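Because only heavy atoms are used, hydrogens play no part in the values below, and waters and symmetry mates are left out as well, while side chains stay in. Counting begins at 1 with the first residue of the sequence. Please read these numbers as outputs of a predicted model, since none were measured by experiment.
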Amino acid sequence: MNRKKLYILGGVLLLAFAGFSLASFSTALTPYVSFDAARGTNRMVQVAGALDKGSSSYDMAAGTLNFTLKDPAKQMLRVSYKGVRPANFEDAISIVAIGNWDPQTKELKAQKLLVKCPSKYQGAEVKTYS
């Protein structure tokens with residue numbers, strides 16, 4: 001084989017590897033989507049919203065947390081999470097649910113929850129030194 005064919009073969013292999021890597025990486029991403037987009041897809045997504053106060057219930061026997069998220073446009077999304085209830089869940093100012101939409105139960109089946117609680121420094125004055 002001459003050098004030109006080796007360079008072409010090497011280039012093709014490099015492009016194939018890059019294409020495979022890109023395809024694998026794009027399926028591993030979990031995008032943030034709106035509530036409507038979450039209802040219309042069957043892939044894993046992330047949705048963010050505020051807890052609708054009084055909508056949460058935790059079944060200790062089954063280890064299931066059910067609650068409703070509310071977005072800034074006042075749309076609601078029912079979420080079911082199987083796992084330990086996060087600490088300070090009721091005090092959360094923002095919740096990100098990562099999971100898949102279940103068309104039978106019409107709720108997001110969350111595998112992970114990210115709960116953002118109010119900061120203990122919120123509203124505190126910051127002293128500057130000069």
Side-chain angles (χ1 to χ4, degrees):
M1 243 189 221
N2 62 21
R3 287 183 183 232
K4 186 175 183 180
K5 288 183 182 179
L6 284 175
Y7 286 134
I8 291 173
L9 180 63
V12 169
L13 287 174
L14 210 72
L15 286 174
F17 178 73
F20 176 74
S21 298
L22 184 62
S24 297
F25 183 70
S26 66
T27 59
L29 293 177
T30 308
Y32 274 97
V33 297
S34 67
F35 289 179
D36 288 333
R39 290 182 185 104
T41 187
N42 59 355
R43 69 175 289 190
M44 187 171 289
V45 294
Q46 297 185 51
V47 292
L51 177 65
D52 185 29
K53 298 296 180 190
S55 70
S56 68
S57 65
Y58 185 67
D59 182 358
M60 289 186 74
T64 305
L65 175 63
N66 295 302
F67 60 94
T68 303
L69 284 180
K70 181 173 46 175
D71 72 358
K74 305 295 185 216
Q75 289 188 338
M76 303 289 196
L77 180 71
R78 193 75 184 151
V79 179
S80 177
Y81 170 70
K82 189 166 181 79
V84 178
R85 181 185 186 129
N88 300 330
F89 181 77
E90 295 294 331
D91 298 328
I93 57 172
S94 175
I95 298 172
V96 176
I98 304 168
N100 296 64
W101 178 254
D102 185 355
Q104 279 99 17
T105 60
K106 297 193 184 315
E107 62 187 7
L108 185 81
K109 299 287 187 181
Q111 282 84 35
K112 292 182 187 177
L113 292 180
L114 305 173
V115 179
K116 182 178 179 184
C117 293
S119 172
K120 65 181 179 179
Y121 304 109
Q122 188 173 9
E125 290 184 31
V126 178
K127 185 176 181 179
T128 59
Y129 297 95
S130 44

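Proximity of Asn42 to Asn100: side-chain heavy atoms (C-beta onward) are nowhere separated by under 4.5 Å. With contacts defined as side-chain heavy-atom distances shorter than 4.5 Å, the pair Glu90/Arg85 qualifies. In this structure, the side chains of Leu113 and Leu65 come closer than 4.5 Å at one or more pairs of heavy atoms. For the pair Val47/Phe35, a side-chain contact is recorded, criterion being any heavy-atom separation below 4.5 Å from C-beta on.
Taking all atoms of both residues into account, the shortest heavy-atom contact from Cys117 to Ala87 is SG-O, 4.4 Å. Closest non-hydrogen pair, Pro31 versus Arg43, comes out as CD-NH2, 3.7 Å. Heavy atoms only, all atoms of each residue included: Tyr32 and Ala48 are closest at CE2-CB, 4.3 Å.
Residues satisfying the side-chain hydrogen bond (donor to acceptor under 3.5 Å, both in side chains) criterion with Ser80, sequence neighbours excluded, are Asn66.
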Apply the test ring pair (Phe, Tyr, Trp, His ring centres under 6.0 Å) to residues Phe67 and Phe89: give CA-CA distance (whole Å), side-chain angles for both, the deciding distance (0.1 Å), then the verdict.
CA-CA 10 Å; Phe67 60 94; Phe89 181 77; 5.0 Å; yes

Residue pair Met76, Ser55: steps toward the side-chain contact (heavy atoms from CB on, under 4.5 Å) verdict:
CA-CA 11 Å; Met76 303 289 196; Ser55 70; over 6 Å; no

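Without hydrogens or angle criteria, Asn2 side chain to Lys5 main chain gives a donor-acceptor distance under 3.5 Å.
Two different hydrophobic clusters hold Val45 and Leu114 under the rule that ILVMFWY side chains link at heavy-atom gaps under 4.5 Å. Follow the hydrophobic side-chain contacts under 4.5 Å out from Tyr58 and you reach Val79 in the same cluster. Under the 4.5 Å side-chain contact rule for hydrophobic residues, Ile98 and Val33 do not share a cluster. With hydrophobic clusters built from ILVMFWY side chains whose heavy atoms lie under 4.5 angstrom apart, Leu77 shares a cluster with Val115. Under the 4.5 Å side-chain contact rule for hydrophobic residues, Phe17 and Leu9 do not share a cluster.
Listed by first and then second residue, the side chain to side chain donor-acceptor pair (under 3.5 Å) pairs involving residues 108-118 are Glu107-Lys109 (not counting sequence neighbours).
Within a 6.0 Å sphere centred on NZ of Lys74, heavy atoms belonging to other residues, nucleotides or ligands number 12 at most.
Here the CD1 atom belonging to Ile93 is positioned 12.0 Å from the CG atom belonging to Leu51, to the nearest 0.5 angstrom. If you take CG on Leu108 and CD on Gln46, they are separated by 10.5 Å, rounding to the nearest 0.5 Å.
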